[in-house]
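Notes for the one structure printed next.
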Amino acid sequence: MPELPEVETVRRLLEPRIINKTISLVRVNYWRMIQSKKEEFIPRLTGRTFKKMDRVGKFLIFTFDTDLILISHLRMEGKYIDGRLDEPDSRYARVVFELNDGTKICYDDSRCFGTMQLSNRATYLKEPPLSNIGPEPFNIDDPRRLLTIFNKSSRPIKELLLDQTIMTGLGNIYVDEVLFLAKIHPELPGNYLTLNEVKRLLVNSNEVLAKAIAAGGSTIRTYHAAKGVDGRFQQQLFAYNRAGKPCLRCQTPLAKIKVKGRGSTFCPRCQINRSLPLVVAITGAMHAGKSTILRLASEAGYPTISSDAMVKQLYAQPASVTKVAQLLHTTFPDNRIDSKQVLDIILTDPPAKKRLEKWVHPIIKAQVLQRLKEIKAPLVFVEVPLLFDAKWDYLAHYIIGVTTSYDIQTKRIKENFAYPELALKLAATNQFAVYQNRVDELIVNDGTQKELQTMAEKAINHAVNTLIKTAESANF
DNA sequence: ACAGCTTCCTGATCGC
DNA sequence: TGCGATCAGGAAGCTG
C-alpha cells in the first residue's frame, strides 16, 4: 500500500481540499469495500460537513460536524483523486463524494483492496480495526517492550516489523530500508534480536518515516498521493527496488528473496543472518578443482556441504527417474538416469535443460538451507558449481573461485571423462569466466595437485580469518 | 496458539 | 510479438 508516510501525505494534501465542505451526494460503485452496515453508509454521510482529518497508523480518519467517523484504509492501490463535478470520475472510482462547492473526491482503487467503515467518535479507537493496532514508532520510548515481544517469537524479524499489531507504520518498502540501515537480515528470528539491534530498528524507523513524510512519501509504480503529486522519497531508497544493484555501503549486489510472500531486498554482506553459519562458497569452472578444495576444507576440520553430491543423490532416487524422463521428454529403458543421455539432451535442447534446472535447483537449494540450519558451527564451506547462474551468491559471505586455462581443462577432461566430447561441450557452456570478478579469491589451477593444495589451504585460511573478523566487527 | 497458505482484485512487466 | 507466469506500498481469513 501506501505506507505510513504516503498515508500521512494523503492526509496533508486532502484535508485542506475538503475541510468545511459538505457532502451533497455519495455514490458507491463497489459495495464489498464497505465494512460497516451497507444500508447506513450513504444516509449517514449525506449532508455531513468534513472537519478534521486524522491518521492512525496507515488508517485515514475523517471527522465531521457530528460524532460520525469515517475510517479509510488504502491497502495497496487506494488513492483519493479530486475533481470538478462536471468531470468524469477517475478510472477506478469505487466511492465518490460529491461536495457542495461543485467539486468531488473519488476514492480510486484498481484492485479493490481498500476498505471503508463508519464509526463514531466515542468508540472508534476501542473497536476493530483500530483497537488491534500497535503504537507508531514515534510513540515508542522504551525499546525493551519491543525486545520482549520480538524475543518471544521465532518468526523472521521482517514479519514482526510488518505485523501492525506490534508496531504500526512500516510496510514492505520501509521495512527493507530500516533493516538495511540497521544491518539486520530480514530472516533473523525474533528471538535472536538484541537490545542494541532493537534500538537501531527504532531509531531508523523514526528517521526513515520522518524523512519520507518530509519528502512527501515515495511514488512507486502506480501509487500517487494525489493527482499530479509525486513523492520524492524513492530517490533516497537504499534497498527497495535495487535488487542486483550494488549495495550503497559495500558494493555487493543486493539480493532479493521472499519473506512471508513479500519481495525482500537486502545486502548479503551487510545484513548477516547469524542464526545460520557463515558460508564460504566454492564455485568455478568444470573440473577445475572445486571438490578438491572442499575436501581440503573438510580435512581442516570445517563442516562442508556439496551440492554436487546432493544432485547425484537426488538422481539416484527411484522417483527421480520418471520425473527427469518427463522433464526431458525422454525415457530411461534401464529405469535409471543415464547421464550420457541426459548430457546429450541438455546440450541440444536448451528448453529441456531449463526445465530440468527449474526442478533441480529449488530442491537442492532447500536441502542446502536445511543443512545450514542443522549445522551448529560458526562457519561452513559449500560447493556450488553454478553459484552465480543459479543466483545463490547471496547465500555466500566469502567466495572462492577456481578456474583453469582452456588447454589444461581440455586435457584433464579428455583424460578423466567417459564421454569427453559431451563433457567438453558442457564445459563450454559454463559461464564462470563472466563472474570471475565477483569472487573474493580466485585460484588458477594450472599446475600440479600439490600446487593446488598449497593455494587452496591458503585460500581456506584467508576465508576463515576474514569471516572471523566480519563476525567480530558485527555490532549486535 | 501459531505458522503457512489463500484470498480479495487488476495491471504492468518479465521471460520463454 | 504473443502469451502465460509472476509480481505489486496490505492484511484478513482460512487450514492443520
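Just so we're on the same page: letters track the sequence lines, and every chain starts at 1.
Mapping A:S153 and A:F113 onto DNA chain B via the closest heavy atom, the residue that lands nearer the 5' end is A:S153. Comparing A:P351 and A:R32 by the nucleotide of DNA chain B whose heavy atom lies nearest to each, the residue mapping closer to the 5' end is A:R32.
The distance between atom CE of A:M33 and atom P of B:dT10, rounded to the nearest whole Å, is 14 Å. What separates CE of A:M167 from P of C:dG10 is a distance of 14 Å, to the nearest Å. A straight line from CZ of A:R111 to C1' of B:dT7 spans 11 Å, rounded to a whole angstrom. Whole-Å rounding puts the A:M76 CE to B:dA12 P distance at 15 Å. A:E187 has its CD atom 11 Å from the P atom of B:dG4, to the nearest Å. Taking atom CG on A:L160 and atom C1' on C:dG10, their separation rounds to 17 Å, with Å as the unit. Summarising the geometry, the separation between NZ on A:K358 and C1' on B:dC14 is reported as 12 Å, rounded to the nearest angstrom. Between the CG atom of A:N191 and the C1' atom of B:dC2 there is a distance of 14 Å, given to the nearest Å.
On a pure distance criterion of 3.5 Å, no polar donor-acceptor pair joins the side chain of A:R262 and the base of C:dA8.
Between A:K256 and C:dA8 there is a side-chain N or O to OP1 or OP2 distance below 4.0 Å. Within the structure, a side-chain polar atom (N or O) of A:R155 is placed less than 4.0 Å from OP1 or OP2 of B:dA3. The side chain of A:Y92 contributes an N or O atom lying less than 4.0 Å from OP1 or OP2 of B:dG11. Within the 4.0 Å cut-off from OP1 or OP2 of C:dA11, at least one side-chain nitrogen or oxygen of A:H73 is found. Contact check, A:R91 against B:dT10: no side-chain N or O comes under 4.0 Å of OP1 or OP2. Contact check, A:Q164 against C:dG10: no side-chain N or O comes under 4.0 Å of OP1 or OP2. When the side-chain nitrogen and oxygen atoms of A:K258 are compared with OP1 and OP2 of C:dC7, one or more of them lie within a distance under 4.0 Å. Contact annotation: A:K58 side-chain N/O to C:dG10 OP1/OP2 distance is under 4.0 Å.
Tested against A:F238, the residues A:F233, A:Y174, A:F180 include a single ring pair (Phe, Tyr, Trp, His ring centres under 6.0 Å) partner, A:F180. When each of A:E8, A:E15, A:E3 is paired with A:R55, the salt bridge (charged side-chain N to carboxylate O under 4.0 Å, His left out) condition holds for A:E8 and for no other.
Note on A:Y30: only backbone sugar-phosphate atoms sit closer than 4.0 angstrom, heavy atoms only; bases stay farther off. If you check every strand for non-hydrogen atoms under 4.0 Å, A:K354 touches sugar and phosphate atoms only. The residue A:K152 sits apart from the nucleic acid: no heavy atom pair falls under 4.0 Å.
Judged by distance alone, the side chain of A:E159 and the main-chain N or O of A:V259 form no donor-acceptor pair under 3.5 Å.
For the P atom pair drawn from C:dC7 and B:dC5, the interatomic distance equals 15 Å after rounding to whole Å. For the P atoms, the distance linking C:dG13 with B:dC9 amounts to 14 Å, nearest Å. Separating the P atom of C:dA11 from that of B:dA1 is a span of 22 Å, rounded to the nearest Å.
Between A:D109 and A:G114, the shortest heavy-atom distance links the atoms OD2-N, 2.8 Å. Nearest heavy-atom pair across A:E177 and A:A239 is OE2-N, 2.8 Å.
Which of C:dG10, B:dG11, C:dA8 sits closest to the side chain of A:N172 comes down to C:dG10. Listed candidates were C:dA8, B:dC9, B:dG11. Nearest to the side chain of A:S110 is B:dG11.
B:dT7 is paired with C:dA11 under the criterion used here, namely a Watson-Crick or G-U wobble arrangement in which both key atom distances are under 3.5 Å.
The OG1 atom of A:T429 sits 7.5 Å away from atom CD1 of A:I346, with the distance rounded to the nearest 0.5 Å. In this structure, SG in A:C270 is found 5.5 Å from NZ in A:K183, a value given to the nearest 0.5 Å.
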